[in-house]
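Data block below; observations after.
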Amino acid sequence: MPLQILIVDDSPAMRWFLRRVIGLSLEEVSVLEAADGREAFSLLSQSAVDLILTDINMPNMNGEEFLRKMAQDENLSSIPVIVVSADASEARMRQMLALGARRCLSKPISPEAFRRELEDVLEARNIS
């Protein structure tokens with residue numbers, strides 16, 4: 001069964017970039033996309049995912065609200081989350097880690113740096 005990753009970002013260009021790097025980095029991977037946390041929850045109610053990549057600043061339900069809601073759901077709280085955001089103040093990143101994110105990455109990010117972080121998180125979960 002292929003690895004399933006959910007990208008949650010309101011920028012189509014950023015979703016494309018992440019999907020492209022994922023496709024070049026991993027074999028047997030399926031990528032789902034959502035433009036905000038609300039859309040992501042709709043997808044999560046229909047599909048199991050192994051990893052979530054999320055932005056912070058999005059309409060309807062931002063990344064912080066998304067992580068808070070995930071933490072309240074026992075079926076979702078164990079899914080590793082990597083935050084990829086331009087909102088990269090130290091305080092904001094500490095907050096996202098406290099809410100359950102495994103890593104916080106600052107935009108813009110190079111494909112190589114993103115690939116390393118992705119592989120580290122997947123290796124730590126033994127799901128690559």
Side-chain angles (χ1 to χ4, degrees):
M1 187 161 156
L3 182 68
Q4 185 136 288
I5 297 176
L6 173 60
I7 300 171
V8 187
D9 197 305
D10 59 326
S11 166
M14 190 63 187
R15 292 193 311 265
W16 178 88
F17 168 79
L18 295 173
R19 185 178 62 243
R20 178 92 170 123
V21 175
I22 290 166
L24 293 171
S25 303
L26 302 171
E27 294 179 19
E28 295 189 43
V29 63
S30 173
V31 178
L32 301 173
E33 296 183 24
D36 58 48
R38 188 177 297 159
E39 189 177 327
F41 268 100
S42 176
L43 287 172
L44 289 168
S45 70
Q46 303 166 25
S47 301
V49 300
D50 300 296
L51 175 69
I52 297 172
L53 308 170
T54 188
D55 190 9
I56 297 174
N57 296 315
M58 300 176 288
N60 301 314
M61 181 186 291
N62 66 33
E64 180 182 339
E65 295 165 324
F66 179 63
L67 283 177
R68 286 184 192 283
K69 190 169 178 180
M70 278 187 64
Q72 296 170 357
D73 186 318
E74 65 183 41
N75 295 319
L76 303 178
S77 62
S78 64
I79 301 171
V81 176
I82 299 175
V83 173
V84 184
S85 181
D87 188 355
S89 70
E90 187 176 327
R92 186 66 147 161
M93 293 301 170
R94 275 196 315 267
Q95 178 185 33
M96 299 306 284
L97 290 168
L99 291 172
R102 298 289 202 286
R103 300 278 168 90
C104 292
L105 310 176
S106 179
K107 290 179 186 175
I109 187 167
S110 72
E112 296 79 17
F114 174 66
R115 180 181 297 132
R116 279 192 306 273
E117 296 291 341
L118 177 67
E119 290 171 351
D120 284 352
V121 169
L122 291 173
E123 188 175 302
R125 291 279 298 180
N126 293 318
I127 56 176
S128 59

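Position 1 is the first residue of the sequence; numbering continues from there.
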Point to revise | Residue pairs involving residues 70-91 (criterion ring-ring contact (aromatic ring centres under 6.0 Å, His included); sequence neighbours excluded) | key: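 Every candidate ring-ring contact (aromatic ring centres under 6.0 Å, His included) pair involving residues 70-91 fails, so no pair, neighbours aside, qualifies.
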
Point to revise | Verdict with reasoning, I79 to L51, per side chain to side chain contact (heavy atoms under 4.5 Å, CB included) | key: CA-CA 6 Å; I79 301 171; L51 175 69; 5.5 Å; no

State, to 0.1 Å, how close [X] and [Y] come at their nearest heavy-atom pair, and which atoms those are.
{"X": "A35", "Y": "P59", "value": "O-CD, 4.4 Å"}
{"X": "V83", "Y": "A101", "value": "CG2-CB, 3.7 Å"}
{"X": "I56", "Y": "N62", "value": "O-CB, 3.0 Å"}
{"X": "N60", "Y": "R38", "value": "O-NH2, 3.7 Å"}
{"X": "S30", "Y": "P2", "value": "N-CB, 4.4 Å"}
{"X": "M96", "Y": "C104", "value": "CB-SG, 3.8 Å"}

Verify same cluster id: [X], [Y] (apolar side-chain graph, 4.5 Å):
{"X": "L6", "Y": "M70", "value": "yes"}
{"X": "V31", "Y": "L43", "value": "no"}
{"X": "V81", "Y": "I109", "value": "no"}
{"X": "I82", "Y": "V29", "value": "yes"}

Tell me, do [X] and [Y] make a side-chain contact under 4.5 Å, heavy atoms counted?
{"X": "R115", "Y": "L24", "answer": "yes"}
{"X": "L26", "Y": "L122", "answer": "yes"}
{"X": "V21", "Y": "P111", "answer": "yes"}
{"X": "V121", "Y": "L118", "answer": "no"}
{"X": "D36", "Y": "D10", "answer": "no"}

Please name all residues satisfying side-chain contact (heavy atoms from CB on, under 4.5 Å) with [X], sequence neighbours left out, ordered by chain then number.
{"X": "S110", "answer": "E112, A113"}
{"X": "S47", "answer": "Q4, L32"}
{"X": "N57", "answer": "D87, R92"}

Say you draw a straight line from [atom1] of [X] to [atom2] of [Y]; how long is it, rounded to the nearest 0.5 Å?
{"X": "L53", "Y": "I7", "atom1": "CG", "atom2": "CD1", "value": "5.5 Å"}
{"X": "R94", "Y": "S89", "atom1": "CZ", "atom2": "OG", "value": "8.0 Å"}
{"X": "L99", "Y": "L67", "atom1": "CG", "atom2": "CG", "value": "5.5 Å"}
{"X": "D73", "Y": "L44", "atom1": "CG", "atom2": "CG", "value": "8.5 Å"}
{"X": "R102", "Y": "L97", "atom1": "CZ", "atom2": "CG", "value": "10.5 Å"}
{"X": "D9", "Y": "M14", "atom1": "CG", "atom2": "CE", "value": "6.0 Å"}

Review point. Are more than 12 heavy atoms from other residues, nucleotides or ligands located less than 6.0 Å from atom CD of E74?
Key: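 Counting other residues, nucleotides and ligands, CD of E74 stays at 12 neighbours or fewer.
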
Check your understanding: Taking only residues at least two apart or on different chains, which pairs with a member in residues 52-62 satisfy salt bridge (charged side-chain N to carboxylate O under 4.0 Å, His left out)?
Key ->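 Salt bridge (charged side-chain N to carboxylate O under 4.0 Å, His left out) check on residues 52-62 returns D55-K107.
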
Check your understanding: Would E65 and K69 count as a salt bridge (charged side-chain N to carboxylate O under 4.0 Å, His left out) if you check the C-alpha gap in whole Å, the side-chain angles of each, and the deciding distance to 0.1 Å?
Key -> CA-CA 6 Å; E65 295 165 324; K69 190 169 178 180; over 6 Å; no

Check your understanding: With sequence neighbours excluded, what pairs up with F41 under the ring-ring contact (aromatic ring centres under 6.0 Å, His included) test?
Key -> F66

